[in-house]
Amino acid sequence: MSHALNTPPNVPVGTLKLLGPLGLKYEVGQPVSPLDDGDWLVEIVLVETGSKVVYRYSSLMEDRDAD
């Protein structure tokens with residue numbers, strides 16, 4: 001997934017998704033910073049704990065939407 005270095009991707013902010021194979025529910029936040037490979041880091045909030053972490057945009061887009 002390639003994005004211009006300084007142009008953030010169109011992130012589905014506020015969407016609830018399930019984190020990879022673990023299936024933890026998280027809420028999508030804002031783009032944080034670009035990576036050298038063209039991907040971006042996006043802030044997410046783990047619903048169960050309220051913890052904020054950064055996650056790759058490309059991985060986020062592969063995750064399933066939560067019910």
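Please read all numbers here as calculations on a predicted model, not as lab measurements.
Summarising the geometry, atom CG belonging to L19 is positioned 12.0 Å from atom CD belonging to E48; distances are rounded to the nearest 0.5 Å. Atom OG of S51 is separated from atom CG of L24 by 10.5 Å, given to the nearest 0.5 angstrom.
Of all heavy-atom pairs between E27 and V47, the closest is N-CG2, 4.2 Å. Taking every heavy atom of both residues into account, V45 and K52 meet most closely at CG2-CG, 3.7 Å. Counting all heavy atoms, side chain and backbone alike, D63 lies closest to Y55 at OD2-OH, 2.9 Å.
Using a 4.5 Å heavy-atom cutoff, the side chains of Q30 and V11 are not in contact. When side chains are defined from C-beta on, K17 does not count as touching I44, because their heavy atoms never get closer than 4.5 Å. A heavy-atom distance below 4.5 Å is not found between the side chains of D39 and S59. With a 4.5 Å cut-off on side-chain heavy atoms, P31 and Y57 do not count as touching.
Using a 4.5 Å cut-off between side-chain heavy atoms of Ile, Leu, Val, Met, Phe, Trp and Tyr, with links allowed through other members, L46 and L18 fall into different hydrophobic clusters. L16 and V42 fall into different hydrophobic clusters, defined by Ile, Leu, Val, Met, Phe, Trp and Tyr side-chain heavy atoms under 4.5 Å apart, directly or through other members.
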